[in-house]
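Below is one structure, written out as structure tokens; comments come after it.
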Amino acid sequence: MPALPAPTGGAGAERAPGPADRATAQGLGLSTDKTLATLEQEKLPAKVRRQLPALCEGGFVERAENVLAFGLPGRGKTHVVSAIGHELVQRGYEVLFIPAVLLVQRLLSAKKSLLLEKELRRLDGYDAVIIDDIGYIQQDREEMEVLFTFLAQRYERRSVLITSNLVFSQWDRIFKDAMTTAAAIDRVVHHALILELTGESYRSEKARSRETADKAPRKAPGDE
């Protein structure tokens, strides 16, 4: 599996907290379609709308805090954290967006090659790592252990942004045993801001809109 490119500050480089040069900051893996400009903020819960501006400023990254976005599929979790990621890059922070399943695969591959510490140092070079869809991975113990190691390594040092369709009471599906689940939640939540994405699925709403448009009578050419 190809290695992730090193952040512009250097993989695992120890540097003073704070944004890098804006001209060199990068957002690896961020979708160009999921930005603040394309986010339909009027459809977000009121509390999330209030929280969004401060998150985009990046103060939580300075404090090594986390952001957890919960909600059922289609509620805009990925778009919200991606939009925050883009704003962080504009402010000079190094950001990595990676699906949870791919992160686990990379960590496990590194461990099997006896390169886990090197990979963790590489990831440590990112001010914020966005882990998308953590609830969709059903890991075996070895996979669970590398994910826990990653979260523990960033605890109180670097920020993570996590999206999940599973509430905390269901995280035992990810970490398998009660003790590890509790320890993971403790590290993630201790310094965290929680975004609850409720409401109707955007995808279902758009599908209904298309269906309505398709059923609407069409005017013949020349009709007024």
Contacts satisfying salt bridge (charged side-chain N to carboxylate O under 4.0 Å, His left out) that involve residues 179-196 (not counting sequence neighbours) are none

Please check if Leu151 and Val189 belong to a single hydrophobic cluster, counting links between Ile, Leu, Val, Met, Phe, Trp and Tyr side chain heavy atoms closer than 4.5 Å. yes

List the atom of Val104, the atom of Val146, and the distance in Å for their closest heavy-atom pair. O-CG2, 4.2 Å

Where is the tightest heavy-atom contact between Ala128 and Leu161, given as atom of each residue plus distance? CB-CD1, 3.8 Å

Parallel, tilted or perpendicular for Phe168 and Trp171, by the 30°/60° rule? perpendicular

Residue among Val129, Ile84, Asp127, Leu30 satisfying side-chain contact (heavy atoms from CB on, under 4.5 Å) with Val95: Leu30

Name the atoms and distances for all side-chain donor-acceptor pairs under 3.5 Å in residues 47-61, with sequence neighbours left out.
from  : atom 1 : to    : atom 2 : distance (Å)
Arg49 : NH1    : Leu44 : O      : 2.5
Glu57 : OE2    : Arg91 : NH2    : 3.2

Donor-acceptor pair, Ser31 side chain versus Asp33 backbone, under 3.5 Å? yes

Closest heavy-atom pair and its distance - Thr198, Arg75: O-CG, 3.8 Å

What is the distance from atom CD1 of Ile185 to atom CD1 of Ile174, rounded to the nearest 0.5 Å? 8.5 Å

Taking only residues two or more places apart in sequence, or in another chain, which ones meet Thr180 in a side chain to side chain donor-acceptor pair (under 3.5 Å)? Asp177

Hydrophobic clusters here meaning ILVMFWY residues chained together by side-chain heavy-atom distances under 4.5 Å, can you tell me if Leu103 and Leu115 are in one? no

CZ of Arg158 to CD of Glu94: how many Å apart, nearest 0.5 Å? 10.5 Å

Ile162 CD1 to Leu68 CG distance, which is reported to the nearest 0.5 Å: 5.5 Å

Is any side-chain heavy atom of Leu147 less than 4.5 Å from a side-chain heavy atom of Ile134? yes

Using the test side chain to side chain donor-acceptor pair (under 3.5 Å), find all partners of His79 that sit at least two apart in sequence or belong to another chain. Thr38

Side-chain (Ser109) to main-chain (Gln105) donor-acceptor, under 3.5 angstrom: no

What's the shortest heavy-atom distance between His86 and Thr35, and which atoms? CD2-CG2, 3.8 Å

N/O donor-acceptor pair under 3.5 Å between Arg157 side chain and Gln153 backbone: yes

Quick one: side chain to side chain donor-acceptor pair (under 3.5 Å) partners of Thr181, sequence neighbours excluded? none

Hey, what do you get for OG1 (Thr149) to CG (Leu107), rounding to the nearest 0.5 Å? 8.5 Å

Could you check whether Asp132 and Thr78, counting side-chain N and O atoms only, form a donor-acceptor pair closer than 3.5 Å? yes

Looking only at heavy atoms, the pair that brings Phe97 and Gly29 closest together is CD2-O, 3.5 Å

What about the rings of Tyr126 and Tyr93, do their centers lie closer together than 6.0 Å? no

After noting the C-alpha distance and the side-chain angles of Asn165 and Asp133, does the key distance pass the side-chain contact (heavy atoms from CB on, under 4.5 Å) rule? CA-CA 7 Å; Asn165 62 324; Asp133 285 337; 5.9 Å; no

Any donor-acceptor pair under 3.5 Å from Asn66 side chain to Val188 backbone: yes

Determine, using the 4.5 Å side-chain heavy-atom cutoff (strictly less than), whether Ile194 and Val160 are members of one ILVMFWY cluster. yes

Any idea which heavy atoms bring Ala69 and Lys77 closest together, and the distance? O-CD, 3.6 Å

CG of Leu193 to CZ of Arg63: how many Å apart, nearest 0.5 Å? 9.0 Å

With sequence neighbours left out, the residues meeting ring-ring contact (aromatic ring centres under 6.0 Å, His included) with His190 are Tyr155

Counting C-beta onward and ignoring hydrogens, is there a side-chain heavy-atom pair between Leu123 and Phe150 closer than 4.5 Å? yes

Distance col, row Leu116:CG vs Leu108:CG, nearest 0.5 angstrom, shows 9.0 Å

